[in-house]
Trainee: 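Encoded as structure tokens, here's the structure I'll be asking about.
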Amino acid sequence: MKELAKTYDPKEFERRIYEGWEKDGDFHAEIDPAKKPFTIVMPPPNITGQLHMGHALDQTLQDVLTRWRRLQGYAALWLPGTDHASIATEMRVADELREKEGLSKEDLGRDEFLKRVWQWKEIYGGRITEQQRRLGDSCDWERERFTMDEGCNKAVVEFFVRLYEKGLIYKGSRLINWCPTCGTSLSDAEVEHEDLNGKYWYIRYPAANGGEGITVATSRPETMFADVAIAVSPEDERYLDWIGKTVLLPVIGREIPVIADSYPDPEKGTGAVKITPAHDPNDFEVGERHGLAQPVCIDFEAKMTAEAGKYEGMDRFACRAAWVDELTTAGYLVKTEDVVIPTGKCYRCGTIVEPMISEQWFVKMETLAKPAILAAKRGELRHVPARFEKIYLHWLEEIRDWCISRQLWWGHRIPAWTCGVCGEIIVAREAPEACPKCGAGKSVLVQDEDVLDTWFSSGLWPFSTLGWPEDTPDLRYFFPTNVLVTGYDIIFFWVVRMVFSSLEVRDEPPFETVFVHGLVRDELGRKMSKTLGNGVDPIEVIDLYGADALRFFLLNGSAAGGDMRFIMKNVESTRNFANKLWNASRFVLMNLGTGEAAGQRDTEGLSLCPASLRDEDKWILRTVEQVAAEVTDNLEKYELSVATQKIYDLIRDEYCDWYIELVKTRLYGEDEESKKVCCAVLVRVLSDLLRLLHPFMPFITEEIWSYLDKPNKLIRDSWPTPEGFAADSDFTAASVRIETTKEIVRAVRNIRAEANAPQAKKLPILILFDKGGGSGESGGERNGENAALGAGAAAHIQALAGVSDIGIVRSEAELPGDTVSAILKGMVLHVPLADLVDFAAEREKLAKERERLTGETQRLGGKLNNEGFTAKAPPAVVDTERAKLAAAEDALAKVIAREAAIREK
RNA sequence: GGGCGUAUAGCUCAGCUGGGAGAGCACAUGCCUUACAAGCAUGGGGUCAUCGGUUCGAGCCCGGUUACGCCCACCA
């Protein structure tokens, strides 16, 4: 006979359970016309490294949703994969190459370098999927994808060509963000802004005719070498006379015009702005408007060009210092001002980005963004929590053309060829055989060296992974997907791109819901990062406490898109919860084991004949059903942490602390029939609890389930469905009786603890029922009293509260003098404690209680006398308040009576 | 310069569409009760940041203030 081990040891079974699922294909989603599909496409982790705690949260949320829907009978597909992460991976591999072999990627050459990256991908990609297995991810590994696999590559090329053919992709020379360290262009999203301490240098540009000239402020004096004009506002009276005249670049002596443009703001700086089209986005636009030249004084390595004269070859910042010195000496520096400068930095390496003019490929955003904005506004795309829609819309409304070419090797090569003879650009799905314009042969057609922004391919992820551009069965069945789970930090990087890409080729959003979660921070609330070294490895936590405990902890703390702190010690409590369930199950199994064949352990199917059920059985069945309904509702609303909490309470409080305790007298008793019934209920309820908990704690639930001799595995079983217990008046009445019993037990325990009565000593109790309380039956008070408590109540109270005898008294007069009392609904409970009774303390307690109840009755009375309340509040609320008042008045009367009774003691 | 979030028990945080505040940890007391000391029982502890408004009624809705945090942004 199988027994659960004495201690919960997740290491013992988590791997085994996972291997079993995988081996049996339990994660595989079959297309089934009889079932509804449920699809989540996993945000592909970068192959740059390993999963961190944020991934663990992200993955757990997705796994909960997937497992839950799978239990509900959906064809649930969670499609996994990894991202090639063009720039990030290339940097990592190049770093490794430099450190280990002292080689640059150029030393290796493109082909050889790419081989190395593919090797890296094998190692790190495998490491990531291994971590996902440890977490318990129930994703369909048979459908695993990679953003650079054949199918995804095909999708990227197809998408590129289509956009190009529609005129939505163009090649042009424009001002882009350039990272001198990574040696590539960047999209706007890849630039992070940071406020740095800097200066404004006020520099005088003398008039060409030898006059005083114009003073301008600049934070970047080193760009002066590429100045082509001074711009002023046409409405700025100070400079009206200057328009059309010229000034000289100080020291350099080059003559530049003063032009009028709408860009300068008279309120800012000196009102006059130096114009450097090649190194500033605003100036670039001004330059375009006025047809100005675009001299370049900083090159792609952030060094000064020949334009800077003697500074040629100098680093841009070194040049700045030297140049300011020279200007100062020459008397052109008017003043300086300390100021914070918002500075753009490369999101990968932190280098200050240099705006550069460069020929790049761009996606025209305006036409693509519009439908994506509409989809959200029409509600075809829902954000949870809703406030994140603002971030999404804001980004789309502000969006500018997207620079998609990168001067890198690792990524999707741009499907464009240039004809060496006539210069024609050919964009095609496959390498062209000849130039369509001049007919030149293949040998002179050169493919663009650049690769695409990594987000270009991830934007296609929800459908490229399902087979697009082919019209596959998977695509037809599983697309559009149901929900996208992601952190708020990549909404604009990624979510918007998936939406407009999908709208472009599929004419519908790629998912119904974007479920947004927050970041996992360290114990001090700081972002976990490599540089701080404060990251916690999920695997480390799993090794210590188990994957289930980690998952439950993450879920519990991940409410409503907010950030959460990861506190290692607190994972202990969820591990302890798992241990609790483990032991409760062990207890149930031990009791089932007695004298029964192993094959009969699954007593769930035993008909639960209502007549044979006791109050506590009905109560727990009803409670579980209610909570199951609530949990289902919470999951539908993506309130995962609320659901987690409810299941926790149900298992811990109701099942373990109450039901199992209530049932022990029967299990240890002589009544075999009753024993059988409660065993059936124990197993039945345990089964439902395991079903409810499985999405959250998949391992332990599957492991325990395996001891229940069920016909199938839990992962493929079903979600609990209501059977009408909650609505059954018989079950409801039984539940009320159990709640009363619990009240009495708690009251006795309280009295015992407060009075310091020995734990082991059995105490008698006396119950003074309210006059007429619970009666109404012809048999008189006695029957009414029994009805209030139920047949099994006495045994329950005796067992759980350490009570010897339960006496019923009719009046205060029948009581012994030395009791401690508790005022309960419909009764006063007395515990005779003889010399242990502290009447002074008792009076104090009662006085306090009287005060509280007096306040409460006044408050409620006032409320109910207020016509505004009775007229306007919903009837149900008024009824509740009336009942509360009645209860409070009743309790108050009893308190006063009790006070009177012990006044002389 | 815009936008957003958070402020609730000593700590970390819940609190669903407004009807007198909860959990975990910590703390105190008593228990080796035959599933569990990774446990059981009991208890103490909160003018729900602040000011004002709406309402019969506000932790929750509205406005102001303060503190901390985040995001976006091409201002010399």
Trainee: Using atom P in both nucleotides, what's the gap between B:rU42 and B:rC11 to the nearest angstrom?
Mentor: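 These two P atoms come out 26 Å apart once rounded.
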
Trainee: Determine the contact category for A:Trp395: base if any of its heavy atoms lies under 4.0 Å from a base atom, sugar-phosphate if only primed atoms, P, OP1 or OP2 are that close, otherwise nothing.
Mentor: sugar-phosphate

Trainee: Name all residues meeting the side-chain hydrogen bond (donor to acceptor under 3.5 Å, both in side chains) criterion together with A:Ser358; count only those two or more places apart in sequence or in a different chain, and write none if there are none.
Mentor: A:Gln360

Trainee: As a test of reading the structure: which of B:rA73, B:rC74, B:rG30 is closest to the side chain of A:Asn756, going by heavy atoms?
Mentor: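 Among B:rA73, B:rC74, B:rG30, the one nearest the side chain of A:Asn756 is B:rG30.
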
Trainee: Work out how far the P atom of B:rG19 is from that of B:rA58, and round it to whole angstrom.
Mentor: 11 Å

Trainee: With rounding to the closest Å, how many angstrom separate the P atoms on B:rG46 and B:rG22?
Mentor: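 Here B:rG46 and B:rG22 have their P atoms 14 Å from each other.
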
Trainee: Quick one: label A:Arg220 by what it contacts on the DNA or RNA (base, sugar-phosphate, nothing), any heavy atom closer than 4.0 Å.
Mentor: nothing

Trainee: Does A:Lys6 reach a base, just sugar-phosphate, or nothing at all? Heavy atoms under 4.0 Å.
Mentor: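 Touches nothing.
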
Trainee: Output the rounded distance in Å from OH (A:Tyr347) to P (B:rC72).
Mentor: 13 Å

Trainee: On the nucleotide B:rC71, are OP1 or OP2 found under 4.0 Å from the side-chain N or O atoms that A:His193 carries?
Mentor: no

Trainee: Counting only side-chain nitrogens and oxygens, does A:His394 get under 4.0 Å of the OP1 or OP2 atom of B:rG3?
Mentor: no

Trainee: If the P atom of B:rU66 is compared with that of B:rU47, how far apart are they to the nearest Å?
Mentor: 25 Å

Trainee: Give the rounded distance in Å between these two atoms: CD of A:Glu389 and P of B:rC4.
Mentor: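 Result: 14 Å.
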
Trainee: Enumerate the residue pairs fulfilling salt bridge (charged side-chain N to carboxylate O under 4.0 Å, His left out) with a member in residues 626-635 of chain A, sequence neighbours excluded, ordered by first and then second residue.
Mentor: A:Glu630-A:Lys646, A:Asp633-A:Lys637

Trainee: Not counting sequence neighbours, which residues clear side-chain contact (heavy atoms from CB on, under 4.5 Å) with A:Val878? List them please.
Mentor: A:Leu864, A:Phe869, A:Thr870, A:Ala873, A:Arg882

Trainee: Mark up nucleotides 14-23 of chain B, 5' to 3', with B wherever a protein heavy atom is under 4.0 angstrom from a base atom, S wherever such an atom reaches only the sugar-phosphate, and - elsewhere.
Mentor: --S--BB--S

Trainee: Grab the CZ-P distance between A:Arg752 and B:rC31 for me, whole Å please.
Mentor: 12 Å

Trainee: Dot-bracket, RNA chain B: Watson-Crick or G-U, under 3.5 angstrom, [ ] crossing, | other strand?
Mentor: (((((((..((((.....[..)))).(((((.......))))).....(((((..]....))))))))))))....

Trainee: Given B:rC72, B:rA35, B:rC74, which nucleotide is nearest the side-chain atoms of A:Ile660?
Mentor: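 Of the candidates, B:rA35 comes closest.
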
Trainee: What distance do A:Gln798 atom CD and A:Ile765 atom CD1 have between them, rounded to the nearest 0.5 Å?
Mentor: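 Taking CD in A:Gln798 and CD1 in A:Ile765, the distance rounds to 8.5 Å.
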
Trainee: Whole-Å distance between B:rC4 C1' and A:His383 NE2?
Mentor: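 One finds 14 Å between C1' of B:rC4 and NE2 of A:His383, rounded.
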
Trainee: Expressed as a whole number of Å, how far does the C1' atom of B:rC68 sit from that of B:rA23?
Mentor: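 To the nearest whole Å, 25 Å.
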
Trainee: Can you tell me how far C1' of B:rC72 sits from CZ of A:Phe493, to the nearest Å?
Mentor: 12 Å

Trainee: Run the salt-bridge test on A:Arg852 and A:Glu856 with the 4.0 Å N-O cut-off and return the result as yes or no.
Mentor: yes

Trainee: Could you work out, with ring-ring contact (aromatic ring centres under 6.0 Å, His included) as the rule, every residue matching A:Trp395, not counting sequence neighbours?
Mentor: A:Phe492

Trainee: Between A:Asp401 and A:Arg174 (salt bridge meaning N to carboxylate O under 4.0 Å), is one present in this structure?
Mentor: yes

Trainee: Treat primed atoms plus P, OP1 and OP2 as sugar-phosphate and everything else as base, then score nucleotides 38-49 of chain B 5' to 3': B for base contact with protein heavy atoms under 4.0 Å, S for sugar-phosphate contact only, - for none.
Mentor: BSSSSS------

Trainee: Closer to the 5' end of RNA chain B via nearest nucleotide, is it A:Asn556 or A:Cys656?
Mentor: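 Comparing both residues, the 5'-ward one is A:Asn556.
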
Trainee: Provide the full list of salt bridge (charged side-chain N to carboxylate O under 4.0 Å, His left out) pairs with a residue in residues 544-570 of chain A, sequence neighbours left out, each pair given once.
Mentor: A:Asp63-A:Arg551, A:Arg521-A:Asp563, A:Lys569-A:Glu572

Trainee: Locate the shortest heavy-atom distance separating A:Val520 from A:Met53; write the atom from each residue and the value.
Mentor: CG1-CG, 3.6 Å

Trainee: With ring-ring contact (aromatic ring centres under 6.0 Å, His included) as the rule and sequence neighbours excluded, what pairs involving residues 552-574 of chain A come up?
Mentor: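 Sorted pair list: A:Phe552-A:Phe577, A:Phe553-A:Phe566.
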
Trainee: Okay, side chain of A:Tyr488, backbone of A:Gly562: is any donor-acceptor separation there less than 3.5 Å?
Mentor: no

Trainee: Could you give the distance separating B:rC13 and B:rU17 at their C1' atoms, to the nearest angstrom?
Mentor: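 Here B:rU17 and B:rC13 have their C1' atoms 23 Å from each other.
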
Trainee: Within the structure, does a side-chain N or O atom of A:Lys664 lie under 4.0 Å from either OP1 or OP2 of B:rA35?
Mentor: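 Indeed, a polar side-chain atom of A:Lys664 lies that close.
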
Trainee: Between A:Trp323 (side chain only) and A:Pro221 (backbone N and O only), is there a donor and an acceptor less than 3.5 Å apart?
Mentor: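 Here the side-chain-to-backbone pair exists.
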
Trainee: Rounding to the closest angstrom, what is the interatomic distance between B:rU29 and B:rG44 at atom P?
Mentor: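 Here B:rU29 and B:rG44 have their P atoms 15 Å from each other.
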
Trainee: Please classify the nucleic acid contact of A:Glu636 as base, sugar-phosphate, or nothing, using heavy-atom distances under 4.0 Å.
Mentor: nothing

Trainee: Closest-nucleotide mapping onto RNA chain B: is A:Ser573 or A:Ser585 further toward the 5' terminus? I mean the 5' end.
Mentor: A:Ser573

Trainee: Provide the distance between the two P atoms, one in B:rG10 and one in B:rA41, to the nearest whole Å.
Mentor: 24 Å

Trainee: So, the side chain of A:Arg238 versus the backbone of A:Pro266: is there a donor-acceptor pair under 3.5 Å, distance only?
Mentor: yes

Trainee: Name every residue in residues 518-526 of chain A that has at least one heavy atom under 4.0 Å from any atom of RNA chain B, in order of residue number, or write none if there are no such residues.
Mentor: none

Trainee: Going by side-chain hydrogen bond (donor to acceptor under 3.5 Å, both in side chains), A:Thr223 matches just one of A:Arg320, A:Lys274, A:Glu354. Which one?
Mentor: A:Lys274

Trainee: Check the distance between B:rC70's P and A:Phe388's CZ and give it to me in whole angstrom.
Mentor: 15 Å

Trainee: Could you work out which one of B:rG5, B:rA26, B:rA35 sits closest to the side chain of A:Ala584?
Mentor: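 Closest nucleotide among those given: B:rA35.
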
Trainee: Mind checking A:Phe284 for me? I need base, sugar-phosphate or nothing, with any heavy atom below 4.0 Å counting as a touch.
Mentor: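 It contacts nothing in the nucleic acid.
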
Trainee: Quick check on B:rC4: is either OP1 or OP2 less than 4.0 Å from any side-chain nitrogen or oxygen of A:Lys390?
Mentor: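 Looking at the OP1 and OP2 atoms of B:rC4, one of them is under 4.0 Å from a side-chain N or O of A:Lys390.
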
Trainee: In whole angstrom, give the distance that lies between atom CD of A:Glu398 and atom P of B:rC74.
Mentor: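 Spelled out: CD on A:Glu398 to P on B:rC74 is 9 Å.
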
Trainee: Listing request: all salt bridge (charged side-chain N to carboxylate O under 4.0 Å, His left out) pairs with a residue in residues 383-399 of chain A, at least two apart in sequence or in separate chains.
Mentor: A:Lys377-A:Glu397

Trainee: Which nucleotide wins on minimum distance to the side chain of A:Lys527, given the candidates B:rA35, B:rC71, B:rC74?
Mentor: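 Given the options B:rA35, B:rC71, B:rC74, the side chain of A:Lys527 is closest to B:rC71.
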
Trainee: So what does A:Pro264 touch, heavy atoms closer than 4.0 Å: a base, only the sugar-phosphate, or nothing?
Mentor: base

Trainee: Looking at A:Glu194, A:His193, A:Glu190, which one forms a side-chain hydrogen bond (donor to acceptor under 3.5 Å, both in side chains) with A:Lys345?
Mentor: A:Glu194

Trainee: Please report, rounded to the nearest Å, how far the C1' atom of B:rG24 is from the CZ atom of A:Arg565.
Mentor: 16 Å

Trainee: Using the test side-chain contact (heavy atoms from CB on, under 4.5 Å), find all partners of A:Ala278 that sit at least two apart in sequence or belong to another chain.
Mentor: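 A:Ala278 satisfies side-chain contact (heavy atoms from CB on, under 4.5 Å) with A:Val296, A:Ile357 once adjacent residues are dropped.
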
